[in-house]
Amino acid sequence: MTPATTFAGQKLALFGLGGSGLATVRSLLAGGADVLAWDDNAGSRDRAREQGITVTDLNDADWSGFSALVLAPGVPLTHPEPHWTVGLAQQAGIPIIGDIEIFCRERAALAPKAPFVAITGTNGKSTTTALTAHLLRHAGRDVQMGGNIGTAVLSLAPPAENRVHVVELSSFQIDLTPSLNPSVGILLNLTPDHLDRHGTMENYAAIKERLVAGSDLAVIGVDDAYCAAIAGRRRGERIRLHVEGHGDAAGDYVCSAGAVRGPDGAVIAEISGIQSLLGDHNLQNAAAAVAAALRLGLSGAEIAAGLKSFPGLAHRMEPLRRIGPTLFVNDSKATNADSTEKALLAFRDIHWIVGGKAKEGGIEPLAPLFDRVAHAYLIGASSDAFAATLDGRLPFTRCDTLEAATAAAAQAARASATDAPVVLLSPACASYDQFPNFEVRGDRFRALVAALPEA
């Protein structure tokens, strides 16, 4: 845990008692703050009380005595409309911050030169975060990994000059972190997402830009127009990442032919053949992680060894098993078309399990890649809409459940005459129609694949 000593003696309002909220309360109390905590959900309040946390209705509180409102990132700050606590904080004239801001203040007070890698982007940030942490750990560094990827940042060990924090940040977290100033800030890419919470794509991009605007070194993917513009505005030290064949902007690191190359064309890191880093998008992810590792002092040999030993991220293009020539891949984390595009680009002769709770636009943006798919197997609430999209363009079977789709896809792949068929779960949808989250969906697929016979 990181005790929030910079708030000692202060009185704070805290809203949101999920995992990160509970960790934040414990951190603030350990640092000597007085915290009045609340959540609109009665179950969350009960769980907090069971952990010894005092729960107080902030509707009835005297807001003039608070130094700040600490808001959980899942709570609306601006759109579709500000949460009621935001209005009360604004009326009281107090700042609204999140747990990442508390971490940044602790770092500034305890060890302002402590290495801190912050990673964001619409897609790829979890893989890049996990890979960056892996490279550093494999080289013997003391690494703390958390944030949006899982462990709440204040549950990690405190900042220290001999300890690296590698933190994944969502746009919601960045929006609550005015003093964000990482040693290395990574912005991978930007495509429309969370616009219900940010209003416009321009607002969303501006929030993401804050991460690299405050960093000592900015590492920016330049293969979409928004990120290219952000890189163009950067006046401090920067590294531009370009994947050959994607976008027109020039790159300082160019990813091509399975390798990351520097401005002189020399190979900085070899990625080809690493099963956990398949696809062009993973070239970009790897390039960003390599840039951070080099900045923090790793050698080329240490980076090469770390890349080869990277196990990959669960549920993100995760190779599960081969049965004969057929590869089974779990990409349950692909909850939108943009994420699924990366998986479809990585393979051919795909037996594609797709569907769930559809996002805006459905799978129509993937139409240029339908020729890579041998057959689609539709599951979940999106089946009618996706059948209409695929009709006359791609063979498909309505399977309804993941169990039925896995069995049908495995049987068809086994009968394929091609050399390397792939059964790919890449739903391009949220899981909430049939599963509580993408992890449960992916775990179920993993179990179904494990139970398939060898022949």
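Counting begins at 1 with the first residue of the sequence.
A 4.5 Å side-chain heavy-atom check between V219 and Y253 finds every atom pair outside the cut-off. Residues S215 and P182 are in side-chain contact: their nearest non-hydrogen atoms beyond the backbone lie under 4.5 Å apart. For the pair V153 and T2, the minimum side-chain heavy-atom distance is 4.5 Å or more. Annotation: side chain of F370 is in contact with side chain of L390 (closest heavy-atom distance under 4.5 Å). Looking at L17 and V25, their side chains come closer than 4.5 Å, going by heavy atoms from C-beta outward. Side-chain contact between L176 and I96: present, with at least one pair of heavy atoms (C-beta onward) separated by less than 4.5 Å. The closest side-chain heavy-atom distance from L22 to I53 is below 4.5 Å. Side-chain contact check for P178 versus E101: some heavy-atom pair is nearer than 4.5 Å.
Side-chain atoms of S276 come within 3.5 Å of backbone atoms of F310 as a donor-acceptor pair (strictly under, hydrogens ignored). Side-chain atoms of S299 come within 3.5 Å of backbone N or O of E302 as a donor-acceptor pair. Using a distance-only test at 3.5 Å, with no hydrogens or angles considered, a donor-acceptor pair links the side chain of S431 to the main chain of N437. Judged purely by atom type and a 3.5 angstrom limit, R234 uses its side chain to pair as donor or acceptor with the backbone of V212. Remark: side-chain polar atoms of D223 are paired, donor with acceptor, to backbone N or O of V243 under 3.5 angstrom. With hydrogens and angles ignored, the 3.5 Å screen pairs a side-chain donor or acceptor of T122 with a backbone N or O of T191. Side chain of D433 to main chain of A381: a donor-acceptor pair is present (N/O by atom type, distance under 3.5 Å, no hydrogens or angles). Between the side chain of D224 and the backbone N or O of N189 there is no donor-acceptor pair closer than 3.5 Å. The main-chain N or O of T335 is found under 3.5 Å from a side-chain atom of K359 such that the two form a donor-acceptor pair.
Checked options T129, L180, I119, I149; the residue passing with L169 is L180 (criterion: side chain to side chain contact (heavy atoms under 4.5 Å, CB included)). Of the listed residues (R210, H198, K208), just one forms a side-chain hydrogen bond (donor to acceptor under 3.5 Å, both in side chains) with D175, and that residue is R210.
Residues S171 and I207 approach most closely at O-CG2, 3.4 Å, considering heavy atoms. Residue T24 comes nearest to V70 through the heavy atom pair CG2-CG1, 3.8 Å, listed as atom of the first residue, atom of the second, then distance. Nearest heavy-atom pair, H246 versus H242, reported as atom, atom and distance to 0.1 Å: O-CE1, 3.0 Å. When all heavy atoms are compared, the tightest approach of L14 to L58 is O-CD1, 3.7 Å. Of all heavy-atom pairs between Q144 and D142, the closest is NE2-OD1, 3.9 Å. Residues A231 and I220 share a closest heavy-atom pair of CA-CD1, 3.7 Å.
Among pairs with a residue in residues 393-414, none fulfils ring-ring contact (aromatic ring centres under 6.0 Å, His included), at least two apart in sequence or across chains.
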(message) Show, in sequence, the C-alpha distance, side-chain angles and deciding distance for N282 and I271, and conclude whether the side chain to side chain contact (heavy atoms under 4.5 Å, CB included) test is met.
(response) CA-CA 9 Å; N282 273 326; I271 315 299; 5.9 Å; no
(message) Between L452 and L448, is the side chain to side chain contact (heavy atoms under 4.5 Å, CB included) condition met? List the steps.
(response) CA-CA 7 Å; L452 291 171; L448 290 168; over 6 Å; no
(request) Just do the side chain to side chain contact (heavy atoms under 4.5 Å, CB included) check on E209 and L187 with the steps written out, would you? (result) CA-CA 8 Å; E209 184 172 0; L187 172 58; 5.5 Å; no
(request) Before giving the answer on side chain to side chain contact (heavy atoms under 4.5 Å, CB included), spell out for F445 and L320 the whole-Å C-alpha distance, their side-chain angles and the decisive distance to 0.1 Å. (result) CA-CA 9 Å; F445 182 61; L320 296 179; 3.7 Å; yes
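Checking H281 against N123 by side-chain atom types alone, no donor-acceptor pair falls below 3.5 Å. A donor atom on one side chain and an acceptor atom on the other are not found under 3.5 Å apart for S383 and R398. Between the side chains of S183 and R107, at least one donor-acceptor pair of N or O atoms lies under 3.5 Å.
Environment of CD in E81: sparse, with no more than 12 heavy atoms of neighbouring residues, nucleotides or ligands closer than 6.0 Å. By the 6.0 Å contact criterion, CD on E202 is enclosed, its count of non-hydrogen atoms from other residues, nucleotides or ligands being greater than 12. Atom OH of Y432 is surrounded by 12 or fewer heavy atoms from other residues, nucleotides or ligands within 6.0 Å. Surrounding CD of E439 are more than 12 heavy atoms belonging to other residues, nucleotides or ligands, all under 6.0 Å away.
Among residues two or more places apart in sequence or in another chain, the salt bridge (charged side-chain N to carboxylate O under 4.0 Å, His left out) test is passed with R316 by D331. Residues passing the salt bridge (charged side-chain N to carboxylate O under 4.0 Å, His left out) test with D400: none are found, sequence neighbours excluded. With sequence neighbours excluded, the residues that form a ring-ring contact (aromatic ring centres under 6.0 Å, His included) with H165 are F103. Qualifying ring-ring contact (aromatic ring centres under 6.0 Å, His included) partners for F435, counting only residues two or more places apart in sequence or in other chains: none.
Salt-bridge check for K308 with E270: failed, with every basic side-chain N at 4.0 Å or more from each acidic carboxylate O. Ion pairing of E454 with R321 is present here, as a side-chain N (NZ or NE/NH1/NH2) and a carboxylate O approach within less than 4.0 Å. Salt-bridge annotation for R295 and E237: present, with a side-chain N of the basic residue lying under 4.0 Å from a carboxylate O of the acidic one.
Interatomic distance, N148 CG to Q173 CD, rounded to the nearest 0.5 Å: 4.5 Å. Between L188 atom CG and N285 atom CG the span is 5.5 Å, to the nearest 0.5 Å. With rounding to the nearest 0.5 angstrom, the SG atom of C104 is 5.5 Å from the CG atom of N181. Rounding to the nearest 0.5 Å gives a distance of 6.0 Å between CZ of R26 and CE of M1. Within the model, atoms CZ of R238 and CD1 of I230 stand 12.5 Å from one another, a figure rounded to the nearest 0.5 Å. Rounding to the nearest 0.5 Å places NE2 of H375 at 2.5 Å from OG1 of T397.
Using bins of under 30°, 30° to 60° and over 60° for the plane-to-plane angle, the ring pair H315/F438 lands in the perpendicular bin.
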Identify each donor-acceptor pair in which a side-chain atom of residues 343-357 lies under 3.5 Å from a protein atom, sequence neighbours left out, and give them as a table.
unit_1 : atom_1 : unit_2 : atom_2 : d
D349   : OD2    : S416   : OG     : 3.0
D349   : OD2    : T418   : OG1    : 2.0
H351   : ND1    : Y377   : OH     : 3.0
W352   : NE1    : S426   : O      : 2.9

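Both tests pass for R197 against the ring of F172: distance under 6.0 Å to the centre and angle within 45° of the axis.
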